Amino acid sequence: MDATASLGPGQQPALQGWQAPSAIERGLYEARVRGDWPAYYDLVAQADLYVVQSRTLSDAEPDTFYWHPTWNPGTRSDCLAVYTAGMLPAPVPDPVFDTCDLGWLAERWGPTKPPYLVVNPGSPCEGVIPASPEGLALWRWHHDARGQRTHGLAQYAVHTLEVGGPRQGQVAFGLGVGAQLFVQNGQFWNSLANHGGGYVKEKKALDRWWGITDRAEWLDALERLLRADMVSSVWEFVLQLRHAMARDFAGPVSTDHWREAAERVIRARAEEAAQPRLMPDGVTQGRVTSTATLESEVAGVQRLIGRITRYEARFRADGLLAEGAYIRSVDAWDYGRASAMARWGVATRLGSVAEAESAVIRAGRLVQVNYRSWADFSASYALGRCLQFDEEEFGDWYEESLRTHRVLMTDPTSPWLTIPWA
(Lines give C-alpha, C1' and ligand atoms only; values in the text may rest on other atoms or scores of the structure.)
Protein backbone atom coordinates (compact mmCIF):
# COMPACT_ATOMS: atom_id res chain seq x y z
CA MET A 1 0.00 0.00 0.00
CA ASP A 2 1.43 3.36 -1.06
CA ALA A 3 1.45 5.92 1.74
CA THR A 4 3.45 8.55 -0.17
CA ALA A 5 0.49 10.81 -0.77
CA SER A 6 -0.86 10.37 2.73
CA LEU A 7 1.30 12.75 4.69
CA GLY A 8 -0.54 15.80 3.47
CA PRO A 9 0.62 19.40 3.67
CA GLY A 10 3.08 20.90 6.05
CA GLN A 11 6.06 18.75 5.06
CA GLN A 12 9.51 20.36 5.15
CA PRO A 13 12.83 18.98 3.93
CA ALA A 14 14.56 16.93 6.60
CA LEU A 15 17.75 18.38 8.06
CA GLN A 16 20.91 16.51 7.15
CA GLY A 17 23.05 15.50 10.14
CA TRP A 18 20.30 15.87 12.72
CA GLN A 19 21.08 14.09 16.00
CA ALA A 20 18.06 11.98 16.80
CA PRO A 21 17.32 11.50 20.51
CA SER A 22 16.96 7.73 20.11
CA ALA A 23 16.67 4.93 17.61
CA ILE A 24 12.91 5.55 17.33
CA GLU A 25 13.28 9.08 15.98
CA ARG A 26 16.32 8.13 13.91
CA GLY A 27 14.23 5.52 12.11
CA LEU A 28 11.44 8.03 11.47
CA TYR A 29 13.94 10.61 10.25
CA GLU A 30 15.69 8.22 7.90
CA ALA A 31 12.38 6.98 6.48
CA ARG A 32 11.36 10.57 5.86
CA VAL A 33 14.68 11.43 4.18
CA ARG A 34 14.26 8.41 1.87
CA GLY A 35 10.65 9.32 1.20
CA ASP A 36 9.75 5.85 2.40
CA TRP A 37 6.34 6.63 3.85
CA PRO A 38 5.22 3.00 4.24
CA ALA A 39 8.24 2.50 6.51
CA TYR A 40 7.40 5.72 8.33
CA TYR A 41 3.84 4.53 8.96
CA ASP A 42 5.16 1.16 10.12
CA LEU A 43 7.40 2.85 12.66
CA VAL A 44 4.58 5.05 13.93
CA ALA A 45 2.34 1.98 14.22
CA GLN A 46 4.97 0.20 16.31
CA ALA A 47 5.73 3.12 18.62
CA ASP A 48 4.18 4.18 21.89
CA LEU A 49 2.59 7.56 21.12
CA TYR A 50 2.47 10.11 23.93
CA VAL A 51 -0.39 12.60 24.04
CA VAL A 52 -0.52 15.68 26.25
CA GLN A 53 -3.18 15.56 28.96
CA SER A 54 -4.33 17.80 31.78
CA ARG A 55 -3.01 16.44 35.06
CA THR A 56 -6.10 17.64 36.91
CA LEU A 57 -8.39 15.79 34.53
CA SER A 58 -6.16 12.68 34.50
CA ASP A 59 -6.20 12.55 38.30
CA ALA A 60 -9.97 12.97 38.39
CA GLU A 61 -10.79 10.49 35.62
CA PRO A 62 -7.70 8.37 34.92
CA ASP A 63 -9.49 6.07 32.45
CA THR A 64 -10.72 8.92 30.24
CA PHE A 65 -8.74 10.12 27.23
CA TYR A 66 -9.04 13.83 26.56
CA TRP A 67 -8.57 15.23 23.07
CA HIS A 68 -6.54 18.44 23.13
CA PRO A 69 -6.01 19.51 19.49
CA THR A 70 -3.56 22.30 18.69
CA TRP A 71 -3.20 24.60 15.71
CA ASN A 72 -0.66 23.47 13.13
CA PRO A 73 0.67 26.21 10.83
CA GLY A 74 1.67 23.73 8.13
CA THR A 75 -1.80 22.29 7.69
CA ARG A 76 -3.51 25.53 8.73
CA SER A 77 -5.85 23.46 10.85
CA ASP A 78 -6.19 21.82 14.22
CA CYS A 79 -4.18 18.64 14.67
CA LEU A 80 -3.74 16.10 17.42
CA ALA A 81 -0.07 16.14 18.30
CA VAL A 82 1.63 12.93 19.42
CA TYR A 83 5.23 12.37 20.44
CA THR A 84 7.54 9.39 20.45
CA ALA A 85 9.48 8.61 23.62
CA GLY A 86 12.71 10.40 22.71
CA MET A 87 10.93 13.65 21.84
CA LEU A 88 9.22 14.20 25.18
CA PRO A 89 10.12 17.33 27.15
CA ALA A 90 11.29 17.10 30.75
CA PRO A 91 8.34 16.37 33.06
CA VAL A 92 6.61 19.37 34.63
CA PRO A 93 3.81 19.31 37.22
CA ASP A 94 1.17 19.99 34.55
CA PRO A 95 0.48 18.95 31.81
CA VAL A 96 1.34 15.25 31.71
CA PHE A 97 1.57 12.68 28.92
CA ASP A 98 -0.29 9.41 28.45
CA THR A 99 0.34 6.70 25.89
CA CYS A 100 -1.70 5.15 23.12
CA ASP A 101 -0.97 3.61 19.74
CA LEU A 102 -2.00 4.25 16.15
CA GLY A 103 -4.58 1.44 16.06
CA TRP A 104 -6.19 2.66 19.26
CA LEU A 105 -6.46 6.19 17.85
CA ALA A 106 -7.90 4.95 14.56
CA GLU A 107 -10.73 3.15 16.37
CA ARG A 108 -11.68 6.26 18.34
CA TRP A 109 -11.24 8.92 15.68
CA GLY A 110 -14.50 10.37 14.45
CA PRO A 111 -15.84 13.14 12.21
CA THR A 112 -15.62 15.70 15.02
CA LYS A 113 -11.92 15.04 15.54
CA PRO A 114 -9.09 17.04 13.89
CA PRO A 115 -8.31 16.33 10.21
CA TYR A 116 -4.67 15.43 10.90
CA LEU A 117 -2.45 13.59 13.34
CA VAL A 118 0.99 15.16 13.59
CA VAL A 119 3.91 13.08 14.87
CA ASN A 120 6.70 14.94 16.68
CA PRO A 121 5.60 18.39 15.48
CA GLY A 122 8.31 20.87 14.60
CA SER A 123 11.09 18.28 14.48
CA PRO A 124 13.03 16.92 11.49
CA CYS A 125 11.21 13.61 11.93
CA GLU A 126 7.77 15.21 11.88
CA GLY A 127 5.04 13.47 9.97
CA VAL A 128 1.60 14.93 9.25
CA ILE A 129 -0.84 12.06 8.78
CA PRO A 130 -4.33 12.63 7.36
CA ALA A 131 -7.26 11.39 9.42
CA SER A 132 -9.71 11.15 6.52
CA PRO A 133 -11.64 7.86 6.19
CA GLU A 134 -8.99 6.67 3.75
CA GLY A 135 -6.26 7.84 6.10
CA LEU A 136 -7.76 6.01 9.07
CA ALA A 137 -7.95 2.84 6.98
CA LEU A 138 -4.25 3.25 6.31
CA TRP A 139 -3.54 3.64 10.03
CA ARG A 140 -5.42 0.40 10.72
CA TRP A 141 -3.66 -1.41 7.91
CA HIS A 142 -0.20 -0.55 9.22
CA HIS A 143 -1.24 -1.29 12.79
CA ASP A 144 -2.66 -4.68 11.84
CA ALA A 145 0.34 -5.46 9.62
CA ARG A 146 2.48 -5.15 12.73
CA GLY A 147 1.14 -8.59 13.67
CA GLN A 148 3.11 -10.19 16.47
CA ARG A 149 5.89 -7.64 16.41
CA THR A 150 6.63 -5.91 19.70
CA HIS A 151 4.63 -2.76 20.35
CA GLY A 152 6.77 0.10 21.58
CA LEU A 153 10.41 -0.52 22.42
CA ALA A 154 11.43 -4.15 22.53
CA GLN A 155 11.67 -5.71 25.97
CA TYR A 156 14.94 -7.24 27.15
CA ALA A 157 16.98 -4.86 25.03
CA VAL A 158 19.23 -1.90 25.83
CA HIS A 159 17.58 1.33 24.69
CA THR A 160 19.64 4.48 25.09
CA LEU A 161 18.47 8.07 25.07
CA GLU A 162 21.24 9.59 22.97
CA VAL A 163 20.21 13.21 23.46
CA GLY A 164 19.07 14.35 26.90
CA GLY A 165 20.18 11.26 28.81
CA PRO A 166 23.54 10.94 30.64
CA ARG A 167 25.81 8.16 29.39
CA GLN A 168 28.90 8.75 31.53
CA GLY A 169 29.55 10.05 35.03
CA GLN A 170 27.93 9.64 38.42
CA VAL A 171 24.35 10.11 37.28
CA ALA A 172 24.75 7.61 34.45
CA PHE A 173 26.31 5.09 36.85
CA GLY A 174 23.38 5.48 39.22
CA LEU A 175 20.94 4.99 36.35
CA GLY A 176 22.89 1.87 35.38
CA VAL A 177 22.16 0.54 38.87
CA GLY A 178 18.46 0.52 37.96
CA ALA A 179 18.97 -0.68 34.41
CA GLN A 180 17.60 -4.20 34.97
CA LEU A 181 14.02 -3.01 35.39
CA PHE A 182 14.11 -0.63 32.42
CA VAL A 183 15.82 -3.10 30.08
CA GLN A 184 13.27 -5.73 31.10
CA ASN A 185 10.37 -3.31 30.48
CA GLY A 186 11.67 -1.95 27.16
CA GLN A 187 12.39 1.61 28.29
CA PHE A 188 15.40 3.92 28.09
CA TRP A 189 17.93 2.93 30.74
CA ASN A 190 19.27 6.49 31.05
CA SER A 191 16.19 8.71 30.98
CA LEU A 192 16.36 10.61 34.26
CA ALA A 193 13.56 13.00 33.22
CA ASN A 194 11.37 9.95 33.02
CA HIS A 195 7.85 9.63 31.60
CA GLY A 196 7.92 5.83 31.55
CA GLY A 197 4.76 4.34 30.10
CA GLY A 198 2.82 7.56 30.66
CA TYR A 199 1.48 9.34 33.71
CA VAL A 200 -1.64 7.27 34.37
CA LYS A 201 0.02 3.90 33.73
CA GLU A 202 2.97 4.77 35.98
CA LYS A 203 0.64 5.91 38.78
CA LYS A 204 -1.37 2.70 38.56
CA ALA A 205 1.79 0.57 38.55
CA LEU A 206 3.24 2.36 41.58
CA ASP A 207 0.00 1.81 43.47
CA ARG A 208 -0.39 -1.84 42.39
CA TRP A 209 3.18 -2.97 43.12
CA TRP A 210 4.11 -0.68 46.00
CA GLY A 211 0.91 0.77 47.47
CA ILE A 212 2.31 4.26 46.83
CA THR A 213 -0.22 6.99 46.06
CA ASP A 214 1.31 10.19 47.46
CA ARG A 215 4.61 12.01 47.86
CA ALA A 216 5.15 11.06 51.52
CA GLU A 217 4.83 7.36 50.70
CA TRP A 218 7.20 7.73 47.75
CA LEU A 219 9.82 9.53 49.84
CA ASP A 220 9.56 6.90 52.57
CA ALA A 221 9.95 4.01 50.12
CA LEU A 222 12.88 5.70 48.38
CA GLU A 223 14.73 6.31 51.64
CA ARG A 224 14.10 2.77 52.88
CA LEU A 225 15.45 1.34 49.63
CA LEU A 226 18.55 3.53 49.80
CA ARG A 227 19.13 2.27 53.35
CA ALA A 228 18.59 -1.31 52.10
CA ASP A 229 15.85 -1.48 54.71
CA MET A 230 13.41 -3.53 52.61
CA VAL A 231 15.72 -6.49 52.11
CA SER A 232 15.04 -9.23 54.66
CA SER A 233 17.37 -9.01 57.66
CA VAL A 234 17.37 -12.81 57.80
CA TRP A 235 18.75 -13.03 54.25
CA GLU A 236 21.49 -10.59 55.16
CA PHE A 237 22.27 -12.41 58.41
CA VAL A 238 22.99 -15.74 56.72
CA LEU A 239 24.94 -14.20 53.83
CA GLN A 240 27.06 -11.99 56.07
CA LEU A 241 27.73 -14.92 58.40
CA ARG A 242 29.09 -17.02 55.54
CA HIS A 243 31.16 -14.11 54.28
CA ALA A 244 32.72 -13.63 57.72
CA MET A 245 33.49 -17.34 57.93
CA ALA A 246 35.06 -17.31 54.45
CA ARG A 247 37.33 -14.44 55.53
CA ASP A 248 38.24 -16.18 58.79
CA PHE A 249 39.04 -19.51 57.13
CA ALA A 250 40.45 -17.98 53.93
CA GLY A 251 38.46 -20.29 51.75
CA PRO A 252 35.10 -21.81 50.80
CA VAL A 253 32.58 -22.59 53.51
CA SER A 254 30.67 -25.86 53.25
CA THR A 255 26.89 -25.80 53.49
CA ASP A 256 26.92 -28.02 56.59
CA HIS A 257 29.44 -25.77 58.35
CA TRP A 258 27.37 -22.73 57.39
CA ARG A 259 24.19 -24.27 58.80
CA GLU A 260 25.88 -25.30 62.03
CA ALA A 261 27.33 -21.83 62.54
CA ALA A 262 23.96 -20.18 61.87
CA GLU A 263 22.28 -22.41 64.44
CA ARG A 264 24.92 -21.61 67.07
CA VAL A 265 24.53 -17.89 66.52
CA ILE A 266 20.74 -18.03 66.73
CA ARG A 267 20.79 -20.02 69.95
CA ALA A 268 23.48 -17.79 71.48
CA ARG A 269 21.48 -14.67 70.64
CA ALA A 270 18.38 -16.16 72.23
CA GLU A 271 20.30 -16.94 75.42
CA GLU A 272 21.77 -13.45 75.53
CA ALA A 273 18.35 -11.85 74.98
CA ALA A 274 16.93 -13.85 77.92
CA GLN A 275 19.47 -12.44 80.39
CA PRO A 276 18.40 -9.56 82.70
CA ARG A 277 20.07 -6.24 81.93
CA LEU A 278 21.13 -3.48 84.27
CA MET A 279 19.80 -0.21 82.87
CA PRO A 280 20.14 3.36 84.25
CA ASP A 281 16.62 3.13 85.70
CA GLY A 282 16.97 -0.40 87.08
CA VAL A 283 17.04 -4.02 86.00
CA THR A 284 15.18 -4.95 82.83
CA GLN A 285 14.09 -8.54 82.42
CA GLY A 286 15.29 -10.37 79.35
CA ARG A 287 13.11 -11.54 76.49
CA VAL A 288 12.65 -15.29 76.66
CA THR A 289 12.11 -17.11 73.36
CA SER A 290 9.96 -20.21 73.62
CA THR A 291 11.47 -23.53 72.59
CA ALA A 292 8.99 -23.90 69.74
CA THR A 293 9.79 -20.43 68.39
CA LEU A 294 13.53 -20.99 68.66
CA GLU A 295 13.37 -24.33 66.86
CA SER A 296 11.22 -22.78 64.15
CA GLU A 297 13.75 -19.97 63.63
CA VAL A 298 16.62 -22.45 63.38
CA ALA A 299 14.72 -24.62 60.90
CA GLY A 300 13.73 -21.60 58.83
CA VAL A 301 17.28 -20.31 58.56
CA GLN A 302 18.58 -23.73 57.58
CA ARG A 303 15.94 -23.96 54.84
CA LEU A 304 16.99 -20.51 53.63
CA ILE A 305 20.63 -21.58 53.46
CA GLY A 306 19.56 -24.52 51.34
CA ARG A 307 17.63 -22.26 48.98
CA ILE A 308 20.55 -19.85 48.60
CA THR A 309 22.94 -22.71 47.93
CA ARG A 310 20.71 -24.11 45.20
CA TYR A 311 20.18 -20.70 43.60
CA GLU A 312 23.93 -20.09 43.54
CA ALA A 313 24.51 -23.47 41.91
CA ARG A 314 21.97 -22.58 39.22
CA PHE A 315 23.50 -19.11 38.84
CA ARG A 316 26.91 -20.68 38.21
CA ALA A 317 25.50 -23.15 35.70
CA ASP A 318 23.78 -20.32 33.80
CA GLY A 319 26.74 -17.91 33.91
CA LEU A 320 25.17 -15.45 36.32
CA LEU A 321 27.79 -16.23 38.97
CA ALA A 322 31.43 -17.16 38.40
CA GLU A 323 32.61 -20.64 39.28
CA GLY A 324 33.65 -20.76 42.92
CA ALA A 325 32.09 -17.36 43.68
CA TYR A 326 29.37 -16.77 46.24
CA ILE A 327 27.01 -13.88 47.03
CA ARG A 328 27.91 -11.73 50.02
CA SER A 329 24.80 -9.56 50.27
CA VAL A 330 21.46 -8.94 48.59
CA ASP A 331 21.35 -5.22 49.35
CA ALA A 332 21.73 -4.77 45.58
CA TRP A 333 18.06 -5.74 45.28
CA ASP A 334 17.13 -2.58 47.21
CA TYR A 335 19.74 -0.33 45.56
CA GLY A 336 18.58 -1.28 42.07
CA ARG A 337 14.97 -0.60 42.99
CA ALA A 338 15.96 2.68 44.65
CA SER A 339 17.39 3.92 41.35
CA ALA A 340 14.17 2.90 39.61
CA MET A 341 11.97 4.34 42.36
CA ALA A 342 13.63 7.73 41.92
CA ARG A 343 12.60 7.73 38.26
CA TRP A 344 9.10 6.45 38.98
CA GLY A 345 8.67 9.42 41.29
CA VAL A 346 9.42 11.76 38.39
CA ALA A 347 7.03 9.96 36.04
CA THR A 348 4.19 10.17 38.59
CA ARG A 349 5.04 13.76 39.58
CA LEU A 350 5.67 12.72 43.19
CA GLY A 351 9.28 13.87 42.97
CA SER A 352 11.41 16.26 40.96
CA VAL A 353 14.20 15.54 38.50
CA ALA A 354 16.66 17.10 40.96
CA GLU A 355 15.50 14.73 43.71
CA ALA A 356 15.79 11.79 41.36
CA GLU A 357 19.31 12.81 40.36
CA SER A 358 20.41 13.00 43.99
CA ALA A 359 18.90 9.58 44.72
CA VAL A 360 20.44 7.78 41.74
CA ILE A 361 23.86 9.24 42.55
CA ARG A 362 23.49 7.98 46.10
CA ALA A 363 22.42 4.53 44.88
CA GLY A 364 25.43 4.40 42.58
CA ARG A 365 27.85 5.27 45.36
CA LEU A 366 26.37 2.61 47.64
CA VAL A 367 26.76 0.00 44.93
CA GLN A 368 30.38 0.98 44.26
CA VAL A 369 31.20 0.75 47.96
CA ASN A 370 29.50 -2.59 48.54
CA TYR A 371 30.17 -4.47 45.30
CA ARG A 372 33.20 -5.17 43.14
CA SER A 373 31.80 -5.14 39.62
CA TRP A 374 28.60 -4.99 37.61
CA ALA A 375 28.58 -8.79 37.52
CA ASP A 376 28.90 -8.96 41.32
CA PHE A 377 26.08 -6.44 41.70
CA SER A 378 23.88 -8.27 39.20
CA ALA A 379 24.17 -11.64 40.95
CA SER A 380 23.25 -10.02 44.27
CA TYR A 381 20.28 -8.25 42.71
CA ALA A 382 19.08 -11.45 41.04
CA LEU A 383 19.29 -13.45 44.27
CA GLY A 384 17.26 -10.84 46.16
CA ARG A 385 14.62 -10.83 43.43
CA CYS A 386 14.42 -14.62 43.35
CA LEU A 387 14.25 -14.97 47.13
CA GLN A 388 11.36 -12.51 47.21
CA PHE A 389 9.34 -13.77 44.26
CA ASP A 390 10.56 -17.00 42.66
CA GLU A 391 9.89 -19.50 45.49
CA GLU A 392 12.63 -21.71 44.03
CA GLU A 393 10.51 -22.50 40.99
CA PHE A 394 13.14 -21.18 38.56
CA GLY A 395 10.19 -19.81 36.63
CA ASP A 396 9.45 -16.40 35.11
CA TRP A 397 11.02 -14.38 37.92
CA TYR A 398 14.28 -16.29 37.53
CA GLU A 399 14.23 -16.38 33.73
CA GLU A 400 13.58 -12.64 33.55
CA SER A 401 16.53 -11.94 35.85
CA LEU A 402 18.83 -14.21 33.83
CA ARG A 403 17.76 -12.78 30.49
CA THR A 404 18.22 -9.19 31.66
CA HIS A 405 21.64 -10.05 33.12
CA ARG A 406 22.79 -11.56 29.83
CA VAL A 407 21.61 -8.56 27.82
CA LEU A 408 23.35 -6.06 30.10
CA MET A 409 26.57 -8.10 30.20
CA THR A 410 26.81 -8.58 26.42
CA ASP A 411 25.17 -5.69 24.54
CA PRO A 412 28.00 -3.35 23.48
CA THR A 413 25.80 -0.32 24.23
CA SER A 414 25.02 -1.52 27.77
CA PRO A 415 25.92 0.86 30.61
CA TRP A 416 27.52 -2.13 32.33
CA LEU A 417 30.06 -2.29 29.50
CA THR A 418 30.43 1.40 28.70
CA ILE A 419 30.57 2.98 32.18
CA PRO A 420 33.76 2.28 34.17
CA TRP A 421 33.18 0.71 37.57
CA ALA A 422 35.36 3.18 39.41
Side-chain angles (χ1 to χ4, degrees), residues 50 53-64 88 90-99 171 174-236 329-367 370 380-381 384-390 397 400-401:
Y50 291 78
Q53 298 282 278
S54 159
R55 181 179 176 185
T56 301
L57 294 176
S58 291
D59 286 340
E61 298 183 75
D63 295 322
T64 301
L88 292 170
V92 295
D94 198 11
V96 295
F97 289 84
D98 279 331
T99 52
V171 177
L175 291 170
V177 166
Q180 290 104 319
L181 285 162
F182 294 93
V183 165
Q184 179 183 321
N185 292 333
Q187 297 178 357
F188 297 126
W189 71 265
N190 65 329
S191 175
L192 183 67
N194 180 51
H195 290 271
Y199 176 70
V200 169
K201 289 180 182 177
E202 293 293 318
K203 280 188 65 178
K204 288 181 178 179
L206 205 55
D207 184 12
R208 181 174 69 252
W209 288 99
W210 293 85
I212 294 173
T213 59
D214 61 33
R215 175 172 167 80
E217 291 170 341
W218 173 73
L219 285 170
D220 179 67
L222 181 60
E223 183 59 31
R224 288 188 62 198
L225 289 167
L226 287 167
R227 295 198 311 264
D229 190 36
M230 289 194 183
V231 166
S232 167
S233 60
V234 180
W235 303 350
E236 282 299 288
S329 165
V330 286
D331 284 351
W333 173 229
D334 273 3
Y335 298 148
R337 293 185 296 168
S339 176
M341 182 62 72
R343 293 175 58 184
W344 295 332
V346 173
T348 55
R349 307 309 195 267
L350 298 179
S352 68
V353 174
E355 287 172 318
E357 180 176 294
S358 176
V360 300
I361 289 173
R362 186 173 161 193
R365 287 172 176 164
L366 287 164
V367 166
N370 289 285
S380 171
Y381 176 94
R385 189 172 195 260
C386 287
L387 288 175
Q388 181 156 342
F389 293 119
D390 184 60
W397 291 102
E400 289 167 357
S401 297

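Fair warning: this is a prediction, and the values are worked out from it, not measured in the lab.
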Exercise. Measuring from Arg362:CZ to Tyr335:OH, what's the distance to the nearest 0.5 Å?
Worked result: 9.5 Å
For this session: Give the C-alpha distance, both sets of side-chain angles, the deciding distance and a yes or no for side-chain contact (heavy atoms from CB on, under 4.5 Å) between Glu400 and Arg385.
Result: CA-CA 10 Å; Glu400 289 167 357; Arg385 189 172 195 260; 3.0 Å; yes
For this session: Looking only at non-hydrogen atoms, find the nearest pair between Asp98 and Gly198 and report the distance.
Result: OD1-C, 3.8 Å
Seminar exercise, completed: Of all heavy-atom pairs linking Phe182 and Phe188, the shortest is CB-O, 3.9 Å
Exercise. Atom CG of Asp390 and atom OG of Ser401: how far apart are they, to the nearest 0.5 Å?
Worked result: 8.0 Å
Problem set entry | Nearest heavy-atom neighbours spanning Asp331 and Ser380 | N-OG, 4.0 Å
Exercise. How many angstroms lie between CH2 in Trp235 and CG in Leu387, if you round to the nearest 0.5 Å?
Worked result: 5.0 Å
Exercise. Roughly how far, to the nearest 0.5 Å, is CG of Asp220 from CZ of Arg215?
Worked result: 12.5 Å
For this session: Specify the closest pair of heavy atoms between Leu226 and Leu366, including all atoms of both residues, with the distance to one decimal.
Result: O-CD1, 3.2 Å
For this session: Quick one: closest heavy-atom pair of Asp59 and Lys203, and the distance?
Result: OD1-NZ, 2.9 Å
For this session: Calculate, to the nearest 0.5 Å, the distance between atoms CD and CZ belonging to Gln180 and Arg337 respectively.
Result: 11.5 Å
Exercise. Of Arg55, Arg349, Lys204, which is the lone residue that meets side chain to side chain donor-acceptor pair (under 3.5 Å) with Tyr199?
Worked result: Arg55
For this session: Dump the intermediate steps for side-chain contact (heavy atoms from CB on, under 4.5 Å) on Leu350 and Ile212, then the final yes or no.
Result: CA-CA 10 Å; Leu350 298 179; Ile212 294 173; 3.9 Å; yes
Problem set entry | From Glu61 atom CD to Thr56 atom OG1, the distance as rounded to the nearest 0.5 Å | 12.0 Å
Exercise. Can you name the one residue among Leu206, Asp207, Thr213 that meets side chain to side chain contact (heavy atoms under 4.5 Å, CB included) with Trp210?
Worked result: Leu206
Seminar exercise, completed: Here the pair of heavy atoms bringing Trp344 nearest to Glu202 is CD1-OE1, 3.6 Å
For this session: Look only at the side chain of Asp334 and the backbone of Val231, and say whether a donor-acceptor pair between them is shorter than 3.5 Å.
Result: yes
Exercise. Within a strict 4.5 Å, meaning less than it, do heavy atoms of the Val177 and Val360 side chains meet?
Worked result: no
Exercise. With side chains defined as the heavy atoms from C-beta onward, is the minimum distance between Glu236 and Ser329 less than 4.5 Å?
Worked result: yes
Exercise. Any side-chain heavy atom of Leu175 sitting closer than 4.5 Å to one from Leu192?
Worked result: yes
